[in-house]
Asks: 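Sending over a structure as structure tokens; questions will come in a sec.
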Amino acid sequence: MPPNAPAAAPKDNREKLLERAMSRHQYSGDALIEVLHTAQELYGFLSPHLLTAIAHKLRLPPSRVLGVASFYHFFSLKPKGEHTFTVCLGTACYVAGALGLVERLEKRCCKAGTTTPDGKVSVETARCIGSCGLAPAVIYDGAVLARVTPEGLDRELERIGAK
Ligand code: FES
């Protein structure tokens, strides 16, 4: 290798880490949710290819794996943006004004269920996230925000430089 050549890219060992997670559970179908969590942590989202590979390894029907992955709001079947806002639309949050939060995010960023073209922000909605006392609640990059207002969303969007 020439002296100034860039170092080789580190080998992508996500496949190995996922394999290790499945092996830890003896490739049991009962560990599907844990395995899907690990896969999402490693890859950011669950692609059809990944779901098929997991179904094969855990000896489960692909339809069951897809069913579980699409049932739970914390799994994503599409790549997400750098920042993700998940607005709870359960009853307590709805009554406390969650729809206004979705409208603000849709006006400023993109439709719920999508990501801005620059990949900066994803907007999601969910049914009750189990924090009704904090309504309206939003999961922002994995952390639950309490009593969120449209103005609070504006401030955060400005802070992260969302257009
Ligand atoms: S309804 Fe939103 S956290 Fe329960």
Side-chain angles (χ1 to χ4, degrees), residues 14 17-18 21-22 24-25 28-55 58 60-163:
R14 292 178 295 183
L17 291 170
L18 182 59
M22 291 188 283
R24 206 172 31 245
H25 294 286
S28 164
D30 293 343
L32 176 59
I33 290 183
E34 288 92 331
V35 170
L36 290 175
H37 270 299
T38 303
Q40 182 160 291
E41 273 169 32
L42 292 168
Y43 291 89
F45 74 106
L46 302 170
S47 68
H49 172 76
L50 201 47
L51 293 175
T52 306
I54 290 169
L58 301 185
L60 291 171
S63 59
R64 166 130 183 257
V65 175
L66 177 62
V68 169
S70 46
F71 179 78
Y72 292 103
H73 72 84
F74 42 76
F75 292 131
S76 178
L77 303 181
K78 290 178 283 180
K80 286 200 176 177
E82 204 178 306
H83 300 280
T84 301
F85 292 89
T86 304
V87 181
C88 175
L89 288 178
T91 306
C93 290
Y94 186 89
V95 168
L99 212 48
L101 302 178
V102 175
E103 284 167 2
R104 182 63 58 100
L105 287 168
E106 289 192 331
K107 187 172 168 206
R108 294 217 33 187
C109 303
C110 57
K111 284 257 168 241
T114 66
T115 299
T116 52
D118 65 358
K120 189 89 178 177
V121 174
S122 292
V123 177
E124 305 281 340
T125 59
R127 292 294 154 193
C128 182
I129 57 170
S131 303
C132 306
L134 308 179
V138 172
I139 303 173
Y140 174 56
D141 290 347
V144 177
L145 305 182
R147 289 173 275 285
V148 180
T149 61
E151 295 71 29
L153 292 176
D154 283 342
R155 282 193 293 278
E156 187 54 25
L157 290 169
E158 269 142 42
R159 194 187 70 75
I160 61 175
K163 292 181 182 114

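Whatever order the structure lists ligands and atoms in, that order sets their numbers, starting from 1.
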Asks: May I ask you to list the atoms of ligand 1 that are less than 4.0 angstrom from any heavy atom of Gly130?
Replies: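 Numbered from 1, ligand 1 contributes 3 (S).
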Asks: Heavy-atom contacts with Cys88 under 4.0 Å: which atoms of ligand 1 show up? List them by number with element.
Replies: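 Here the atoms of ligand 1 in question are 1 (S), 2 (Fe), 3 (S).
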Asks: Taking Glu156 first and then Arg159, would you say they form a salt bridge - that is, a charged N and a carboxylate O separated by under 4.0 Å?
Replies: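 So Glu156 pairs with Arg159 through a salt bridge.
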Asks: Any donor-acceptor pair under 3.5 Å linking the side chain of Thr116 with the backbone of Val121?
Replies: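 Present.
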Asks: With a cut-off of 4.0 Å, which atoms of ligand 1 are near a heavy atom of Ile129?
Replies: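 It comes down to these atoms of ligand 1: 3 (S).
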Asks: Enumerate the atoms of ligand 1 whose separation from the nearest heavy atom of Ser131 is less than 4.0 angstrom.
Replies: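 In order of numbering, the contacting atoms are 3 (S).
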Asks: With heavy-atom distances below 4.5 Å as the criterion, would you say the side chains of Val87 and Cys93 are in contact?
Replies: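 No, too far: nothing below the 4.5 Å cut-off.
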Asks: If you round to the nearest 0.5 Å, how far is CG of Leu50 from CG of Leu18?
Replies: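 Here the interatomic distance stands at 6.0 Å.
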Asks: So if I count the atoms of ligand 1 from 1 in the order they appear, which ones are less than 4.0 Å from some heavy atom of Ala92?
Replies: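 Counting atoms of ligand 1 from 1, those under 4.0 Å from Ala92 are 1 (S).
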Asks: Number the atoms of ligand 1 from 1 as they appear, then name those within less than 4.0 Å of a heavy atom of Gly90, with their elements.
Replies: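 Those of ligand 1 that fall under 4.0 Å from Gly90 are 1 (S).
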Asks: May I ask you to say whether Glu41 pairs ionically with Arg14, meaning some side-chain N is under 4.0 Å from a carboxylate O?
Replies: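 Salt bridge absent between Glu41 and Arg14.
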Asks: Counting heavy atoms only, which part of Cys132 comes closer than 4.0 Å to ligand 1: side chain, backbone, both or neither?
Replies: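 For Cys132, backbone and side-chain atoms both sit under 4.0 Å from ligand 1.
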Asks: Tell me whether atom 4 (Fe) of ligand 1 has Cys128 as a neighbour, meaning an N, O or S atom of it below 2.8 Å.
Replies: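 Checking Cys128: at least one N, O or S atom is under 2.8 Å.
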Asks: How many angstroms lie between atom OG of Ser122 and atom CG of Asp141, to the nearest 0.5 angstrom?
Replies: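 Nearest 0.5 Å value for the OG-CG distance: 9.5 Å.
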